[in-house]
Amino acid sequence: MLRLDTRFLPDFGEALRQNAPRLLEARSALLARKGEPGAMLGWLDLPEDTETLRLIRRYREANPWVEDFVHIGIGGSALGPKALEAAFGDGRVRFHFVDHVEPEPLRALLGRLDPGKTLVNVVSKSGATAETLAAFLLFLRWLEEALGEGWRRHVAVTTDPQKGPLRAFAEREGLASFPIPQEVGGRFSVLSPVGLLPLAFAGVDLEALLAGARKANAQAQGPLEEALPLHTALLQDLHRERPISVFMVYSERLKHLPFWFVQLHSESLGKRDREGRRVGTTALPALGPQDQHAQVQLFREGPPDKLIALVIPEHPVEDLEIPKAEGLEAAAYLQGKTFHRLLRAEAEATYQALAEADQRVYALYLERVDPYGVGWLLQHLMWQTALLGELWGVNAFDQPGVELGKALTRALLG
Ligand SMILES: O=P(O)(O)OC[C@H]1O[C@H](O)[C@H](O)[C@@H](O)[C@@H]1O
């Protein structure tokens, strides 16, 4: 269950009423394109895709020997699974996310792995991303040297269903491969095999994850009063003149989630609109309670250039009591309380303190940090982003601005 709280934004109810026609129009415009080739709305259907789930399950069961899982991919091909594995992985398979090209950590990783017990999963929609291909070549050589012809069983490829160099390679070598549906872009792909395959090896409850995402889909398409993504899209829209959109999550397990959101928000919305104007707000990742001791000073007393969204878990999955001890009177107020109660109190205190400093802040209450709740949150945020694309007149599903950097990298390498 996901719940929006706007108690410190008393003007929001009225704004929602006034903006209802715009919001409903944005949703209709988005849904009207569903099914059109190139509309890139395939992420809407991923939570329903039980066939892919079945294939992934079967592959996981056929490979019980895997002890180390190397996930090679970057951006949308890494950030979602990285966030969810950290949150919900059962630790039985060790995960290694290779979304960089720094030689020292690559060497160190190869040095610690046993090729006979390692599955190398290469993930790329385009099949042509430099960082991903470079790392894949390295791991391919390493597997071939250690295992000879047997290397093939140690590689899985997740890429475009038809196009691209990795698809061609997988077919030629007869490798296990999984499709990223054509109509699903990288940063909207966490519930496709991009996320599902690694998370199956991490022991995550995939059904619950997808069931949560289906709830977000249902809510988003329901009556305006219940359509939460329309509400948070409006909150972001009303504050678009504030250049910074803080995404602060009160959960250690979800510590990588803000980085997934940063790509989703920034790459989808930071671009030129149809009139050529530059639009977008800068997503700033933050974590509670750690950032209470780092960024919250700025959020409270710094310039009023931010909209702050707090994600706050309402209940723990499992709680833990803070023990009592003699001779530590300073901690007396903590003793006998639970850790969740402390976390919640800190979140509420920050929420209130920010509002009292006249900062614009709202909260998304997550019933529990579990796959169901987080599946819901992820799909909610994808809806929010897609709706903002409509409201701001930008195509939320392309990223023309990153192409020049890629071309220049190639040129520099000769
Ligand atoms: O999945 P890939 O095709 O390898 O792309 C990986 C990432 O790099 C690209 O440059 C895009 O900016 C991202 O949107 C994408 O997620």
Side-chain angles (χ1 to χ4, degrees), residues 1-27 29-30 215-217 219-250 257-258 260-262 264-266 268-270 273 279-286 288 296 299-300 302-312 314 347-348 350-366 373 376-394 396:
M1 168 88 185
L2 195 64
R3 186 166 67 79
L4 172 65
D5 181 277
T6 56
R7 85 186 88 140
F8 297 119
L9 302 174
D11 43 359
F12 180 65
E14 183 50 31
L16 187 61
R17 269 185 295 281
Q18 279 178 9
N19 284 279
R22 268 179 84 218
L23 290 169
L24 295 173
E25 206 178 294
R27 181 174 69 182
L30 191 72
K215 287 299 283 190
N217 272 353
Q219 243 193 359
Q221 294 175 81
L224 178 63
E225 312 77 68
E226 289 155 33
L228 219 58
L230 277 72
H231 299 203
T232 58
L234 178 62
L235 283 164
Q236 296 285 329
D237 176 62
L238 292 170
H239 296 87
R240 63 187 292 186
E241 300 310 325
R242 294 189 167 220
I244 299 170
S245 178
V246 176
F247 185 75
M248 182 167 186
V249 178
Y250 269 83
L257 186 69
W260 172 84
F261 178 72
V262 164
L264 180 70
H265 183 87
S266 305
S268 300
L269 302 168
D273 70 7
V279 303
T281 55
T282 302
L284 183 69
V296 167
F299 296 169
R300 222 181 103 78
D305 57 357
K306 300 172 197 69
L307 170 65
I308 301 163
L310 303 176
V311 177
I312 305 176
E314 296 204 77
E348 295 298 332
T350 302
Y351 189 15
Q352 211 174 307
L354 290 169
E356 276 175 17
D358 279 334
Q359 298 291 355
R360 302 290 288 181
V361 57
Y362 66 89
L364 274 172
Y365 284 101
L366 192 59
W376 188 330
L377 177 64
L378 294 170
Q379 193 78 355
H380 167 90
L381 292 168
M382 289 188 260
W383 268 97
Q384 171 185 303
T385 306
L387 289 163
L388 278 171
E390 295 298 318
L391 294 173
W392 292 355
V394 299

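Starting from 1, each residue takes its place in the sequence as its number. Remember, predicted model here, so these are calculated numbers, not experimental data.
By the ring pair (Phe, Tyr, Trp, His ring centres under 6.0 Å) test, H380 is found to be paired with no residue, residues two or more places apart in sequence or in another chain being considered. Take R7 and apply the salt bridge (charged side-chain N to carboxylate O under 4.0 Å, His left out) test, not counting sequence neighbours, and it matches D5, E348. Residues satisfying the salt bridge (charged side-chain N to carboxylate O under 4.0 Å, His left out) test with D305, not counting sequence neighbours, are none. Qualifying side chain to side chain donor-acceptor pair (under 3.5 Å) partners for N19, counting only residues two or more places apart in sequence or in other chains: R22. Partners of D358 under the salt bridge (charged side-chain N to carboxylate O under 4.0 Å, His left out) rule, at least two apart in sequence or in another chain, do not exist in this structure. Partners of Y351 under the ring pair (Phe, Tyr, Trp, His ring centres under 6.0 Å) rule, at least two apart in sequence or in another chain, are F8. The salt bridge (charged side-chain N to carboxylate O under 4.0 Å, His left out) search around E241 returns none, not counting sequence neighbours. Residues passing the side chain to side chain donor-acceptor pair (under 3.5 Å) test with H231, sequence neighbours excluded: none. The side chain to side chain donor-acceptor pair (under 3.5 Å) search around Q221 returns none, not counting sequence neighbours. Here Q236 pairs with S245, Y362 under the side chain to side chain donor-acceptor pair (under 3.5 Å) rule; sequence neighbours left out. The ring pair (Phe, Tyr, Trp, His ring centres under 6.0 Å) test applied to Y250 returns no partner, not counting sequence neighbours. With sequence neighbours excluded, no residue satisfies ring pair (Phe, Tyr, Trp, His ring centres under 6.0 Å) with W260.
Closest approach of F299 and M248 over heavy atoms only: CE1-SD, 4.2 Å. Closest heavy-atom contact between K306 and P303: NZ-O, 3.5 Å. In terms of heavy-atom proximity, L238 sits nearest to A15 at CD1-CB, 3.7 Å. The heavy-atom pair separating L307 from L235 by the smallest distance is CD2-O, 3.5 Å. A pairwise comparison of heavy atoms in A283 and P285 identifies O-CD, 3.8 Å as the closest pair. Considering every non-hydrogen atom in both S268 and V394, the closest pair reads O-CG2, 4.0 Å.
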Test side-chain contact (heavy atoms from CB on, under 4.5 Å) applied to F247 and L257, step by step: CA-CA 9 Å; F247 185 75; L257 186 69; 4.2 Å; yes
L310/Y365 under side-chain contact (heavy atoms from CB on, under 4.5 Å): CA gap, chis, key distance, verdict: CA-CA 8 Å; L310 303 176; Y365 284 101; over 6 Å; no
Residue pair W383, L30: steps toward the side-chain contact (heavy atoms from CB on, under 4.5 Å) verdict: CA-CA 10 Å; W383 268 97; L30 191 72; 4.0 Å; yes
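A salt bridge links E314 and R3; the closest N-O separation between the charged side-chain nitrogens and carboxylate oxygens is under 4.0 Å.
L391 has its side chain within reach of L23: a pair of non-hydrogen atoms, C-beta onward, lies under 4.5 Å apart. Between T282 and S266, every side-chain heavy-atom pair lies at or beyond the 4.5 Å cut-off. Within the 4.5 Å cutoff, the side chain of L381 has heavy atoms near those of the L377 side chain. A heavy-atom distance below 4.5 Å is found between the side chains of R360 and R242. Taking 4.5 Å as the limit, every side-chain heavy atom of T281 sits out of range of all side-chain heavy atoms of P243. With a 4.5 Å cut-off on side-chain heavy atoms, I312 and L364 do not count as touching. Using a 4.5 Å cut-off on side-chain heavy atoms (C-beta onward), F261 and V249 make no contact. In this structure, L224 and L24 have side chains that are in contact, with non-hydrogen atoms separated by less than 4.5 Å.
Within 6.0 Å of NZ on K215 lie no more than 12 heavy atoms contributed by other residues, nucleotides or ligands.
Not one N or O on the side chain of Q219 forms a donor-acceptor pair closer than 3.5 Å with the backbone of A227. For the pair Q379 (side chain) and N217 (backbone), a donor-acceptor distance under 3.5 Å is absent.
A donor and an acceptor atom, one from each side chain of W392 and D237, are located under 3.5 Å apart.
Atom CD of Q384 sits about 7.5 Å away from atom NE2 of H265, to the nearest 0.5 Å.
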